[in-house]
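Within every chain, numbering begins at 1; the chains are lettered A, B, ... in the order of the sequence lines, protein sequences first and strands thereafter.
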2 protein chains.
Amino acid sequence: MTPDTETAFFSALAHPDRRRILDLLRLSPGSSVGEIASHFDSSRIATMKHLAVLEDAGLLISEKEGRVRKHWFNVVPIQRMYERWTDEYSSFWAGRLGSIQERAESRAAERREEGEKRA
Amino acid sequence: MTPDTETAFFSALAHPDRRRILDLLRLSPGSSVGEIASHFDSSRIATMKHLAVLEDAGLLISEKEGRVRKHWFNVVPIQRMYERWTDEYSSFWAGRLGSIQERAESRAAERREEGEKRA
DNA sequence: TCATCATGTAACTCACAGGTTACATGTTAG
DNA sequence: CTAACATGTAACCTGTGAGTTACATGATGA
């Protein structure tokens, strides 16, 4: 997971139209450029650029069939990013996901943070 | 979770220096502006702008004590974003780790090579 | 007190993201 | 065969993200 990979990932998701494209592909896998572009006010070329950004970040996969290019959402980068952030920041996550044992640890962590704040 | 909130969140994490600032705050809670800025080659003002972006996105909390402003990492936005994405995309999370990933890289790689040729 | 220190603000430059229009290329239906 | 169609590329414009230098403000230690 290089810094460039992470930057591409977050930059791609930083634009609302690009997040919406992923939503559209989740609901309608295999959509064409034209179908996706029809959901936006901006031009088809703008949509194509968004698709390129998403594909560079690995967030979607495309394949050309005849004169039509079809697109699919790819969950792998999100999964990887989830694992990276939950791993490195696990000390902040403990107890925030449901289990009783972890929640006890969480309160202790919060107290520690408060203590550090006052110090 | 408004679109603006999500955009601020991902935009904030889209810069490697800002992600590094969060790492620094995780390891050294309560760091000052100067302490954080000392880890980067760019100017202190650049760091201050990064801190402002992170604070606007809710990713850090700061408090001024005397002439020093102290900073803490805030996990809440990451937690919320995790819940939003894993919930809405959960149906894609199972059994997709094999064949898709390699294909995802190819077109993006082609575009990168084209760009390098032109450069 | 006052010189130094830490932070904050202002004003500017530069690169590039994100949009546009115009045109090119390849595919398919009639 | 060719006209309509779907996508791709080129060239350009504009706003803003991200950096800089210069200066201002408020706190603190000697």
Where chain A begins and ends its contact with DNA chain C, read 5' to 3' at 4.0 Å from heavy atoms: dG18(C) to dT28(C)
Electrostatic pair D23(A):R26(A) at N-O distance under 4.0 angstrom: yes
R19(B) bridged to E6(A) by N-O distance under 4.0 Å: yes
Going by atom types alone, do S28(B) and E35(B) pair a side-chain donor with an acceptor below 3.5 Å? no
Nearest whole Å is fine: how far is dC5(D) P from K64(A) NZ? 17 Å
Before accepting this row, confirm whether a basic side-chain N of the pair E65(A)/K70(A) lies closer than 4.0 Å to the acidic partner's carboxylate O. yes
Value in whole Å for how far the P atom of dA6(D) lies from CD1 of I45(A): 14 Å
Using the ring of each side chain (for Trp, its six-membered ring), is H15(B) parallel, tilted or perpendicular to H50(B), with breaks at 30° and 60°? tilted
Which nucleotide in dT20(D), dA18(D), dT7(D) has an atom nearest any side-chain atom of M48(A): dT7(D)
Side-chain N or O of S43(B) versus OP1/OP2 of dT20(D): is the shortest distance under 4.0 Å? yes
Please state how far atom CG in L51(A) lies from atom C1' in dT7(D), giving the value in whole angstrom units. 11 Å
If the helix axis at each end comes from five base pairs, how far does the helix from dT1(C)-dA30(D) to dG30(C)-dC1(D) deviate from straight, to 10°? 20°
For the backbone of G58(B) and the side chain of N74(B), can you confirm whether one donor and one acceptor N or O come within less than 3.5 Å of each other? yes
Measuring from atom CZ of F9(B) to atom CD1 of I78(B), what distance do you get when rounded to the nearest 0.5 angstrom? 5.0 Å
Can a donor-acceptor pair under 3.5 Å be found between the side-chain atoms of K49(B) and the base atoms of dG19(D)? yes
Are L24(B) and L54(B) linked, directly or through other ILVMFWY residues, by side chains that come within less than 4.5 angstrom of each other? yes
Rounded to whole Å, please give me the gap between CZ in R44(B) and P in dT20(D). 11 Å
With DNA chain C as reference, determine whether T47(A) or S32(B) sits nearer its 5' end, using the nearest nucleotide of each. S32(B)
Contacts of R67(A) and D41(A) projected onto DNA chain C by closest heavy atom; the upstream (5') one is D41(A)
Side chain to side chain contact (heavy atoms under 4.5 Å, CB included) between I36(A) and L25(A), intermediate numbers included: CA-CA 8 Å; I36(A) 297 167; L25(A) 289 179; 3.8 Å; yes
